[in-house]
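What follows is one structure encoded as structure tokens, with my remarks underneath.
Throughout, residue positions are numbered sequentially from 1 according to the sequence presented. Below, all heavy atoms of this structure are taken into account, side chains as well, without hydrogens, waters or symmetry copies. All figures in this text were calculated on a predicted structure; none of them were measured in a lab.
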Amino acid sequence: MTDETPVCSAKGCRTAAVWVLAWNNPKLHTPERRKTWLACEDHREHLSQFLGVRGFLKDVVTLPEWDAAQGSGDGPAV
């Protein structure tokens, strides 16, 4: 892992990220805006549940899929 390797967003975790959790807080963000958290395999479910119970979670995709969608100018399907 290098200094530029994306790491998991879970508190205290420094493991390389594998997943992108795209979310939106409808009280703060416009409907099309997506904030992202990164997750390793161990924290994907926990972070997804945290966002899901609040109604914030919009999409979960692998990091390569997210990067490809961002590079093409298309966001992931929501």
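To the nearest 0.5 Å, atoms CD (Q70) and CD (E65) are separated by 12.0 Å. Here the CG atom belonging to L38 is positioned 13.0 Å from the NE2 atom belonging to H43, to the nearest 0.5 angstrom.
For S48, the side chain to side chain contact (heavy atoms under 4.5 Å, CB included) test picks out L21, R44, L57, V60, with sequence neighbours left out.
Shortest non-hydrogen contact noted between K58 and N24 is CE-CB, 3.9 Å. When every heavy atom of L47 is checked against every heavy atom of A10, the shortest pair comes out as CD1-N, 4.0 Å. When all heavy atoms of P31 and R34 are compared, the closest pair comes out as O-NH1, 2.8 Å. Here the closest heavy-atom approach between residue C8 and residue C40 is recorded as SG-N, 3.4 Å. When every heavy atom of T36 is checked against every heavy atom of A22, the shortest pair comes out as CG2-CA, 4.4 Å.
Residues V20 and L63 form a side-chain contact, since some pair of their non-hydrogen atoms from C-beta on lies under 4.5 Å apart. In this structure the side chain of K35 never reaches within 4.5 angstrom of the side chain of F56, judged on heavy atoms.
For the pairing with W37, the ring-ring contact (aromatic ring centres under 6.0 Å, His included) check across W19, F50, W66 returns one residue only, F50.
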